[in-house]
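Remember, it's 1-based here, ligands and their atoms both numbered in the order they're listed. Position 1 is the first residue of the sequence; numbering continues from there. In this text, all values refer to a predicted model and were calculated from it rather than measured experimentally. Side-chain atoms are counted along with the backbone in the values below, which use heavy atoms only and exclude waters and symmetry mates.
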Amino acid sequence: MISVVVGTRPEIIKMGPIIFQLQKRQLDFNLVHTAQHYDVELSSIFFDDLGLPSPDHVLDIGSGSQGEQTGEALIRLEKTFVDCSPGVVLVEGDTNTVLAGALAAAKLGIDVGHIEAGLRSHDLRMPEEHNRRLTDHLSSYLFAPTKVAEGNLKKENVWGRIWITGNTVIDACLTFMKTAEEKSAILDRVEFDKFCLVTAHRKENVDDPKVLSDFVEIFCRCPVPVVYPIHPRTVKMLKTYDLYGKLSESENVQLLPPIGYLDFLRLMGDCEFILTDSGGIQEEATSPNTRKKVFVLRISTERPEAVEAGYAQVVGTSAKDVLDAVTRFVDEGETPSGPSPYGDGKAAERIVDLLGDV
Ligand code: UD1
Ligand code: UDP
């Protein structure tokens with residue numbers, strides 16, 4: 001039996017295509033949700049939008065400090081794996097849920113399969129960088145999305161077997177864009193004719209008052225008005241640093257609550273360009289049915305392939321640098337159009353094929 005572990009929004013989206021493949025082949029699996037993300041807009045909306053089965057186990061770990069959250073997930077995942085005795089545990093990405101899932105399984109002698117293995121930002125301020133490195137070294141099966149990711153794993157001499165598979169987020173994007181175009185009414189709610197899509201939630205950005213205040217300036221002065229579905233961590237930090245009023249009152253900014261996948265795909269499809277510190281959105285911007293320039297509001301990226309392909313540009317976090325780069329693009333930039341470096345939309349098929357062979 002395979003245990004599929006998820007905990008946050010991007011894990012649900014990126015595990016979706018894996019779950020569909022497991023269902024299609026009638027393989028024995030269960031779905032374990034730590035509920036690191038628990039609000040409807042960060043969790044159950046994605047089960048509904050993607051048509052995923054309800055989780056078999058919901059562990060209610062919720063929010064907390066890094067150690068608390070990871071520790072709580074470790075304790076509860078270990079109990080769950082002892083009860084259901086999986087042969088393989090699958091985790092996806094780099095969250096605290098992922099590290100806890102990998103560690104709990106490895107300590108029980110259960111093989112770990114890491115989907116999206118081998119990404120490296122080399123920025124040790126990021127909890128995600130610790131999580132992904134440690135998970136890679138705990139895993140028996142490493143599903144690297146690209147050759148760059150495979151190279152990172154080889155350089156570190158990981159123990160497990162490595163395959164290059166593409167990223168399942170392209171599978172999700174290709175599968176759901178048409179449904180999004182048919183079902184989502186989000187564009188009726190957008191207040192601007194032309195807009196740029198914004199997301200920002202990274203801990204090392206939004207928990208830092210200087211960076212957060214630069215972000216507010218960027219969004220208020222962006223040369224194309226901004227539509228911003230806002231993550232609860234960011235709302236909390238904007239309120240803590242007394243910046244929420246300035247952002248929400250700006251005529252250049254439309255704030256939305258976090259939105260479901262179909263609505264988000266529709267906004268990605270229709271925007272002029274994207275400003276984000278998200279990981280997954282850098283990948284989705286390269287999908288053949290999205291193809292958007294994406295300005296990465298960070299000082300590093302673990303997705304250098306998107307930069308190489310001309311989609312992503314790492315612009316840092318200072319208001320001046322970001323606004324200069326965006327203005328240059330608006331004046332004379334071209335939206336990229338090359339193939340996605342993250343695969344052909346068949347990553348999940350490949351991964352589940354490989355799992356059948358091991
Ligand atoms: C987590 C992941 C990050 C991923 C992101 C996806 C880690 C270390 N971070 O960051 O890699 O990019 O998810 O969105 O695992 N909150 C709510 N409702 C919820 C969940 C969270 O209000 O359902 C608020 C709480 O105030 C919480 C804060 O958001 O303290 C941060 O949540 P948490 O899960 O710790 O980290 P994210 O910033 O969401
Ligand atoms: N996303 C969404 N609604 C939103 C914001 C993002 O559906 O309001 C999707 C987005 O399409 C991508 C994923 O969530 O697939 C990215 O999640 P996030 O940026 O929170 O995490 P990261 O990828 O940085 O870990």
Ligand 2 versus I259: contacting region, heavy-atom distance under 4.0 Å: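 Both backbone and side chain of I259 come within 4.0 Å of ligand 2.
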
Side chain, backbone, both or neither: which part of E128 comes within less than 4.0 Å of ligand 2 when only heavy atoms are counted?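 E128 to ligand 2: no contact under 4.0 Å from either part.
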
Does a side-chain N-to-carboxylate-O contact under 4.0 Å join [X] and [Y]?
| X | Y | answer |
| --- | --- | --- |
| E78 | K107 | no |
| D123 | R125 | yes |
| E11 | K14 | no |
| K147 | E150 | yes |
| K320 | D214 | no |
| D136 | R120 | yes |
| E128 | R202 | yes |
| R76 | E72 | yes |
| D353 | R25 | yes |

Apply side-chain hydrogen bond (donor to acceptor under 3.5 Å, both in side chains) to residues E284 and T290 and explain how you reach the verdict. CA-CA 7 Å; E284 286 169 332; T290 309; over 6 Å; no

Go through R350 and D344 one step at a time and tell me if the salt bridge (charged side-chain N to carboxylate O under 4.0 Å, His left out) criterion holds. CA-CA 11 Å; R350 262 178 225 116; D344 54 3; 2.7 Å; yes

Give the atom numbers and elements of ligand 1 that come within less than 4.0 Å of a heavy atom of [X].
| X | value |
| --- | --- |
| R202 | 3 (C), 4 (C), 11 (O), 12 (O) |
| Q69 | 33 (P), 34 (O), 35 (O) |
| S63 | 21 (C), 25 (C), 27 (C), 30 (O) |
| K236 | 26 (O), 30 (O) |

Under 4.5 Å between any side-chain heavy atoms of V314 and F295, yes or no? no

Side chain or backbone, does R202 bring an N or O within less than 3.5 Å of an N or O on ligand 2? yes

Could you say whether the N/O atoms of G280 and ligand 2 ever approach to under 3.5 Å? yes

Identify the closest protein heavy atom to [atom]: which residue and atom is it, and at what distance?
| atom | answer |
| --- | --- |
| atom 17 (O) of ligand 2 | R9 NE, 3.6 Å |
| atom 24 (O) of ligand 2 | G279 N, 2.8 Å |
| atom 16 (N) of ligand 1 | Y38 OH, 3.6 Å |
| atom 13 (C) of ligand 2 | I13 CD1, 3.8 Å |
| atom 7 (O) of ligand 2 | F46 CE2, 3.2 Å |
| atom 21 (O) of ligand 2 | P10 CG, 3.4 Å |
| atom 19 (O) of ligand 2 | S278 OG, 2.7 Å |

Heavy atoms only: which of [options] is nearest to [atom]?
| atom | options | result |
| --- | --- | --- |
| atom 12 (C) of ligand 2 | R303, E41, E284 | E284 |
| atom 39 (O) of ligand 1 | H37, R233, H201 | H37 |
| atom 8 (C) of ligand 1 | V206, N96, T234 | N96 |

Going by the order shown, which atoms of ligand 2 are within less than 4.0 Å of some heavy atom of [X]?
| X | answer |
| --- | --- |
| P229 | 8 (O) |
| P258 | 8 (O) |
| H201 | 18 (P), 19 (O), 20 (O), 21 (O), 24 (O) |
| G260 | 7 (O) |
| Y261 | 7 (O), 11 (O), 15 (O) |

Just checking D242: does its CG atom have more than 12 heavy atoms from other residues, nucleotides or ligands closer to it than 6.0 angstrom?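 No, the 6.0 Å shell around CG holds no more than 12 heavy atoms from other groups.
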
Count the heavy atoms of every other residue, nucleotide or ligand shown that sit under 6.0 Å from CG of D193, and state whether that count exceeds 12.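 Incorrect, the count does not exceed 12.
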
Taking non-hydrogen atoms only, is [X] closer than 4.0 angstrom to ligand 1 via side chain, backbone, both or neither?
| X | result |
| --- | --- |
| S278 | neither |
| Q66 | side chain |
| L42 | side chain |

Can you list the steps and then say if T276 with T199 is a side-chain hydrogen bond (donor to acceptor under 3.5 Å, both in side chains)? CA-CA 5 Å; T276 190; T199 80; 2.6 Å; yes

Within a distance of under 4.0 Å, is there any protein heavy atom near atom 12 (O) of ligand 1? yes

Is E41 close enough to touch ligand 1? Criterion: a residue heavy atom under 4.0 Å from a ligand atom.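 No, E41 has no heavy atoms under 4.0 Å from ligand 1.
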
